[in-house]
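See structure below.
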Amino acid sequence: MGNTIVIQDPEWASYTLGVFVCHSCSALHRNIAQISKVKSLLLDPWSSSQVEFMDSAGNNAVKAKYEQLVPAFYYQPTYKDCMLLREQWIRAKYEREEFLCVAKQEPYSAGYREGFLWKRGRDNGQYLSRKFILSEREGVLKYFNKHDAREPKAIMKINSVNATFQPTKIGTAHGLQITYLKDNSTRNIFVYHEDGKEMVDWFNAIRAARFHYLQVAFPGASISDLLPKLTRNYIKEGYMQKTGPKHTEGFKKRWFTMDDRRLMYFKDPLDAYARGEVFIGSKENSYTVLAGLPSSIQGYHWQFGITIVTPDRKFLFACETEEDQKSWIAAFQTVINKPMLPQEYAGKLNIQIIPVNI
């Protein structure tokens with residue numbers, strides 16, 4: 001059975017499709033049992049005809065069949081992605097056969113999409129139904145506070161929009177965090193839809209709009225150059241404590257999000273706006289990250305400190321555990337080790353440094 005295995009040490013297989021799958025995806029294949037029937041390679045009995053079929057099929061052959069027409073912008077999840085993305089990818093391929101027929105890709109490839117999503121209220125945290133419109137022609141994603149409203153509540157320009165699934169943070173399996181720049185500050189909105197396909201279609205429609213925008217904005221760029229820029233997951237998120245610029249205020253617990261070179265912090269993980277942002281440059285520009293805090297720092301704070309040294313000042317943070325400290329330092333070091341791009345120099349000018357209000 002070995003010539004086309006693309007999964008390291010798979011223990012499961014779909015004996016109706018002819019693909020080897022990991023344990024996690026085997027459960028997703030069971031959800032489409034009318035198409036995909038799975039067995040354990042080690043624990044279940046296999047007939048000779050099933051073995052022969054697996055040998056004649058295999059992952060590469062099945063991929064060639066079911067992924068003939070995957071649009072370049074369509075997000076192809078990995079084992080690290082949330083369950084929703086992985087399940088809808090499997091359903092799109094094998095159940096709906098979306099990549100065998102371009103007409104089935106209309107929901108995310110048409111350049112225009114409208115519908116209703118549950119949106120979290122900025123101030124009260126309630127989810128209310130809001131009408132959303134995505135228009136490639138206008139270059140915007142917008143939503144309306146009332147179903148019959150003529151003017152949108154918010155207009156998000158495609159050139160600054162990002163979307164990332166956040167089921168754990170939002171508290172629903174279909175939760176999507178959409179961010180955009182408003183007056184040079186990052187604005188978050190949190191949405192979901194009960195139908196998983198609907199939510200993933202919105203996600204890929206945003207990616208399609210971003211893709212076509214970037215193709216026009218950077219006509220010489222290759223597709224492989226553009227794909228990482230369509231949407232991005234955050235490098236790291238979690239709680240740390242921080243103090244103010246004078247290092248005399250008490251440390252306060254905040255939720256931090258590392259988005260490329262923007263380190264943003266929030267009082268609550270679902271806040272609409274960051275309380276402040278710090279630009280994390282590169283080592284060539286004299287940015288460094290150190291474990292620990294200066295010996296002069298007094299007062300109550302979590303035990304495991306981090307100091308980020310910038311050309312302007314030092315930013316001080318504290319983590320609750322050594323594991324958190326090491327994880328954050330590794331994330332900062334990854335960013336600092338990357339040379340800065342010309343557009344990132346411009347972006348630095350637009351980022352507000354952490355204000356006194358902590």
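This chain uses plain numbering: 1 for the first residue, then up along the sequence.
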Test side-chain hydrogen bond (donor to acceptor under 3.5 Å, both in side chains) on H212 and E136 and set out the steps.
CA-CA 8 Å; H212 297 137; E136 274 189 27; 3.0 Å; yes

Is there a path of hydrophobic side-chain contacts, each under 4.5 Å between heavy atoms of I, L, V, M, F, W or Y residues, that connects W328 with V278?
yes

Could you walk me through whether I308 and F317 pass side-chain contact (heavy atoms from CB on, under 4.5 Å), step by step?
CA-CA 8 Å; I308 294 182; F317 308 106; 3.7 Å; yes

In terms of hydrophobic clusters joined by side-chain contacts under 4.5 Å, are L227 and I206 together?
yes

Aromatic ring centroids of Y192 and H174 under 6.0 Å?
no

Over all atoms of both residues, closest heavy-atom pair of L84 and G196
CD1-CA, 3.5 Å

Minimum heavy-atom distance between S160 and L181, given as atom pair plus value
OG-N, 3.1 Å

Are M199 and F165 close enough that some pair of their side-chain heavy atoms sits under 4.5 Å apart?
yes

Answer yes if the side chains of Y234 and Q166 hold a donor-acceptor pair under 3.5 Å, and no otherwise.
no

Please lay out, stage by stage, how T179 and N188 fare under the test side-chain hydrogen bond (donor to acceptor under 3.5 Å, both in side chains).
CA-CA 5 Å; T179 64; N188 297 321; 5.1 Å; no

Tell me if the CD atom of Q215 is crowded by more than 12 foreign heavy atoms within 6.0 Å.
yes

Is the charged tip of K37 near the ring of Y15: under 6.0 Å from the six-membered ring centre and within 45° of its axis?
no

Flag, side chain of D183 to backbone of S185, donor-acceptor distance under 3.5 Å:
no

Is the ring pair Y94/H29 parallel, tilted or perpendicular, if the boundaries are 30 and 60 degrees?
tilted

Under the ring pair (Phe, Tyr, Trp, His ring centres under 6.0 Å) test, which residues partner Y75, sequence neighbours left out?
F203

Positive for ring pair (Phe, Tyr, Trp, His ring centres under 6.0 Å) with F256, one of Y265, F315, F332:
Y265

D324 and S327: CA distance, side-chain angles, deciding distance, side-chain hydrogen bond (donor to acceptor under 3.5 Å, both in side chains) verdict
CA-CA 5 Å; D324 283 347; S327 180; over 6 Å; no

Does any donor atom in the side chain of Q88 or R96 lie under 3.5 Å from an acceptor atom in the other side chain?
yes

Are W118 and L176 in one and the same hydrophobic cluster, where Ile, Leu, Val, Met, Phe, Trp and Tyr link if side-chain heavy atoms are under 4.5 Å apart?
no

Report the C-alpha distance between K242 and L316 in whole Å, list the side-chain angles of each, state the deciding distance to 0.1 Å, and finish with yes or no for side-chain contact (heavy atoms from CB on, under 4.5 Å).
CA-CA 6 Å; K242 67 171 292 296; L316 308 183; over 6 Å; no

Please report the closest heavy-atom contact between Q105 and L69, naming both atoms and the distance.
NE2-O, 3.0 Å

Under 6.0 Å from the CD atom of E151, do we count more than 12 heavy atoms belonging to anything else shown?
no

Please state whether the rings of H147 and F116 are parallel, tilted or perpendicular, taking 30° and 60° as the class boundaries.
tilted

Please report the closest heavy-atom contact between K65 and L100, naming both atoms and the distance.
O-CD2, 2.8 Å

Side-chain donor-acceptor contact under 3.5 Å, K252 with Q241:
no

Tell me, yes or no, whether the heavy-atom count around K157 atom NZ, taken from other residues, nucleotides or ligands under 6.0 Å, exceeds 12.
no

With a 4.5 Å cut-off on side-chain heavy atoms, are N31 and R91 touching?
yes

May I ask you to check whether over 12 heavy atoms, not counting those of L128, lie within 6.0 Å of atom CG?
yes

Would R113 pass as a cation-pi partner of W202, given that its NZ or CZ must be under 6.0 Å from the six-membered ring centre and within 45 degrees of the axis?
yes

Given the rule in the salt bridge (charged side-chain N to carboxylate O under 4.0 Å, His left out) test, do K93 and E67 qualify, once you have shown the distances and angles that lead to the verdict?
CA-CA 7 Å; K93 277 202 296 185; E67 298 181 26; 3.0 Å; yes

K153 NZ/CZ over Y143 ring centroid, <6.0 Å and within 45° of normal:
no

W12 vs H23, ring pair (Phe, Tyr, Trp, His ring centres under 6.0 Å): CA-CA, chis, key distance, verdict
CA-CA 6 Å; W12 297 83; H23 175 72; 5.8 Å; yes

T321 and E323: side-chain hydrogen bond (donor to acceptor under 3.5 Å, both in side chains), yes or no, with the steps?
CA-CA 5 Å; T321 68; E323 184 181 1; 5.1 Å; no

On the 0 to 90° scale, with breaks at 30° and 60°, tag the Y108-F73 ring pair as parallel, tilted or perpendicular.
perpendicular

Residue set satisfying salt bridge (Lys or Arg N to Asp or Glu O under 4.0 Å) with E52, at least two apart, ordered chain then number -> none

Could you go through the ring pair (Phe, Tyr, Trp, His ring centres under 6.0 Å) check for W255 and F266 one step at a time?
CA-CA 5 Å; W255 177 266; F266 307 83; 8.4 Å; no

For the residue pair Y74 and F99, categorise the inter-ring angle as parallel (less than 30°), tilted (30 to 60°) or perpendicular (more than 60°).
perpendicular

Would M156 and V140 satisfy side-chain contact (heavy atoms from CB on, under 4.5 Å), going step by step from the backbone distance to the final call?
CA-CA 5 Å; M156 302 163 249; V140 299; over 6 Å; no

Going by atom types only, do T231 and N162 share a side-chain donor-acceptor pair under 3.5 Å?
no

Verify side-chain contact (heavy atoms from CB on, under 4.5 Å) between I235 and D259, making sure each step is shown before the conclusion.
CA-CA 6 Å; I235 295 171; D259 183 14; over 6 Å; no

For residues V38 and S26, report the shortest heavy-atom separation together with the two atoms involved.
CG2-O, 4.0 Å

Between D271 and K267, which heavy-atom pair has the shortest distance, and what is it?
OD2-N, 3.1 Å

Assess R187 against Y273: is NZ or CZ under 6.0 Å from the centre of the six-membered ring, and within 45 degrees of the ring's axis?
yes

